[in-house]
Amino acid sequence: MPTCTQHQGKEVALYCVACAGAVCEDCVTGDHAGHPTEPLTAAVEKLRLTLQERVAAATNRLPQMAEARQSLRDILQQLTGQRSSIEEDIHSTFTDLHKTLDVRKSVLLMELEVTYTLKQKILQAQLDALLQGEESISSRCSLTAEALDGGSDAAVLLAHRGQAEKLSDLASQGLPLQPEENDQLDLYIESEELKKSIHNLGTIVTTNAVACQSEVSGEGLEQCAIGIPTSVTIVTRDKAGGLCRAGNAVVSAEVYTPDGSIADGEILDNKNGTYDFLYTIQKEGNFSLAVRLYDQHIKGSPFRLRMTSSPEDSQILSTPSSAANAGSSGSSGGAKRRGAKSPGSGSRSRQRGVRQAGSMLSTPKKKANPIEDDLIFKIGTKGRNKGEFTNLQGVGASATGTILIADSNNQCVQVFSNEGVFQNRFGVRGRSPGQLQRPTGVAVHPNGDIIIADYDNKWVSIFSSDGKYKGKLGSGRLLGPKGVSVDHNGHVIVVDNKACTVYIFQTSGKLISKFGSRGNGDKQFAGPHFAAVNSNNDIIVTDFHNHSVKVFNTDGELLLKFGSNGEGNGQFNAPTGVAVDTHGNIIVADWGNSRIQVFDSSGSFLSYINTSADPLYGPQGLALTSDGHVVVADSGNHCFKVYRYLQ
């Protein structure tokens, strides 16, 4: 035992609880009289346990801090990539503007030269004619005057015989005495408006919104009934909790169904820092609503909801799934219903696609189907093993006889033969190059490379035919790539679902061109999904929320648009997968109507693929195999199906 510093020779055997120090027996009767004490060894053991607990608690924060550091590094990397991408866009845009101005300058100079030359030729010809007439008259008059001045009768008679008629003709000939052209050459350029436009050309768009301070509220957290359009409102805030007043934040929201698939909805940007997520669910069950801001869960997300047959029976079951999400704002009890209205009612809210298990339209009888196509086989059940899927999305097919499936929630791509025999599976979950976070689209390059759209990683990865990582493209530029395709020049076509833009890249990553923006115009998209390329190298895009299919050339000019919202022949309830056969016919997966339709190259309806043997449930990606069959991702049934297709 140590000795007391106050009482020499006395052992310190006690612990003063009040003073948190070691004392001897004399201290207890002196300075520490009346203070609670306990044996020193017992007190030290308690303190040891307390320190160990606190060390453990502090140590437990290290993985969280490491994860936060990695998240910040990822954000910084994305930020740096975005800056580089925007710099490239700025340089490219202004280089194109310079070229356009130079071209216009050359055209104007050429137009000036052509106009001047035409006018100059007319005036010069008129001038030459006058000079020639003047010279003729002067010459004849001079000869006649000489004869008259000679005074000889014979000379006068001779002059009259030789010059009188010619002089009469010269006096009466029609000469171009009035100008046949004018001298007007003016330049009219409305440069001031152009200068103003250039002065305000371009805007750097950003917000200060952060997920940890932003909130979700609205009836969607309180009343969720089957078949009734529902909405939640996302309110974005900055790091200090202040309201963000501008739009354009990257917000995503997804409703996960009990079977693990995703129910589509629509996010509306109110341009004031708030966003509405609109969705409709068609069956009962426990659903999960995940709301993210810049890929980070907003506080309280994910929410777990139970869909019931009436609004009164629906309730929110729980809020955060982890302690990190505690403190959710919950719901707003006074929110008014945002019911679906007709397009003419002025409401921004529109009812979205609803999955149907089957109908007379989605599963026509064979005799009503002019193209007799039948189910050959199907592969898959819900799971995480080989030949099992969780929310399969994109489908690709190679010329060498393989079928590729983007298994989104299993973060991998699975490869099968045309006969359905499993061949390979590759992909490791993660956010680093070479890893997959949410693969949604897959295509095969003519050189055999496998092109994969990674929605959550916001880039497109390139793998060799045996699944070895080779590189990526679109990082820092793409917001949410959904579908990919490859054109006849070997360029990669990327459908960016979030940006509502189609990008065309070289495999090196160099951007060739892009077109499209958010909206319902002919050259705009609302949640585009997949793309295909026809024999003319035109790009065919499914425009999900606009319920249409659009065909563009590689310059982004609209060539064809067909489809409208509905269940009739040639109508769509949110089209997804698309492919083109050798005759130019367009095959489209109709997600909300759970069917596959066939159109000719001009967009006229031809037929359905007969799916009556085993009805589809929310089909996604679609492709034509090398042996001429149709393969489709039956996402709701967690399998892919192959049908006969007579071209």
Side-chain angles (χ1 to χ4, degrees), residues 207 209-238 241-257 262-321 325-341 345-354 498 518 526-527 545:
T207 76
V210 293
C212 62
Q213 293 288 354
S214 299
E215 302 163 336
V216 182
S217 62
E219 65 168 6
L221 299 182
E222 207 167 72
Q223 293 185 338
C224 303
I226 295 173
I228 297 178
T230 309
S231 70
V232 296
T233 298
I234 299 106
V235 179
T236 56
R237 298 180 182 272
D238 60 25
L243 288 172
C244 295
R245 303 292 183 182
N248 297 307
V250 181
V251 179
S252 63
E254 295 164 328
V255 176
Y256 291 89
T257 65
I262 298 175
D264 281 272
E266 180 184 21
I267 292 179
L268 298 177
D269 186 348
N270 297 317
K271 301 299 182 182
N272 61 0
T274 68
Y275 305 79
D276 293 328
F277 176 55
L278 315 174
Y279 61 95
T280 305
I281 302 297
Q282 289 300 106
K283 61 182 180 179
E284 289 190 21
N286 294 319
F287 290 77
S288 174
L289 171 61
V291 185
R292 296 180 179 88
L293 176 66
Y294 298 108
D295 279 339
Q296 303 291 318
H297 276 286
I298 287 177
K299 65 179 181 179
S301 174
F303 302 93
R304 290 195 295 118
L305 300 171
R306 177 170 178 78
M307 301 299 298
T308 58
S309 56
S310 65
E312 290 76 14
D313 296 334
S314 181
Q315 59 179 328
I316 184 167
L317 299 180
S318 67
T319 45
S321 58
N325 288 324
S328 168
S329 62
S331 63
S332 174
K336 295 183 179 179
R337 169 161 294 280
R338 288 178 173 266
K341 300 182 180 179
S345 66
S347 171
R348 298 183 63 197
S349 170
R350 292 179 293 169
Q351 186 172 351
R352 287 297 149 211
V354 177
K498 282 188 179 179
R518 181 177 295 277
H545 291 305

**Request:** Might you work through the side-chain hydrogen bond (donor to acceptor under 3.5 Å, both in side chains) test for Y294 and T207, ending with a clear yes or no?
**Result:** CA-CA 11 Å; Y294 298 108; T207 76; 2.8 Å; yes
Side chain [X], main chain [Y], donor-acceptor under 3.5 Å:
| X | Y | value |
| --- | --- | --- |
| Y279 | A253 | no |
| Y275 | V232 | no |
| N272 | T274 | yes |

First locate atom [atom1] of [X], then atom [atom2] of [Y], and finally report the distance between them rounded to the nearest 0.5 Å.
| X | Y | atom1 | atom2 | answer |
| --- | --- | --- | --- | --- |
| F287 | E254 | CZ | CD | 14.5 Å |
| T230 | I281 | OG1 | CD1 | 8.0 Å |
| R518 | I267 | CZ | CD1 | 8.0 Å |
| Q296 | C212 | CD | SG | 9.0 Å |
| I298 | Q213 | CD1 | CD | 11.5 Å |
| I234 | D276 | CD1 | CG | 7.0 Å |

**Item:** With sequence neighbours excluded, residues passing side-chain contact (heavy atoms from CB on, under 4.5 Å) with A246
**Value:**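 side-chain contact (heavy atoms from CB on, under 4.5 Å) list for A246, sorted by chain: empty.
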**Message:** L243: which residues meet the side-chain contact (heavy atoms from CB on, under 4.5 Å) condition with it, sequence neighbours left out?
**Reply:**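 side-chain contact (heavy atoms from CB on, under 4.5 Å) check on L243 returns V235, R237, R245.
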**Request:** Provide the closest heavy-atom pair for L289 versus S301 in the form atom of the first, atom of the second, distance.
**Result:**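 Between these two residues, the closest heavy atoms are O-OG, 4.0 Å.
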**Message:** Which heavy atom of T236 sits nearest to which heavy atom of S214, and what is that distance?
**Reply:**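 Closest heavy-atom pair between T236 and S214: CA-OG, 3.3 Å.
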**Request:** For the residue pair F277 and V255, establish whether any side-chain heavy-atom pair is separated by less than 4.5 Å.
**Result:**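 With C-beta onward as the side chain, the pair touches.
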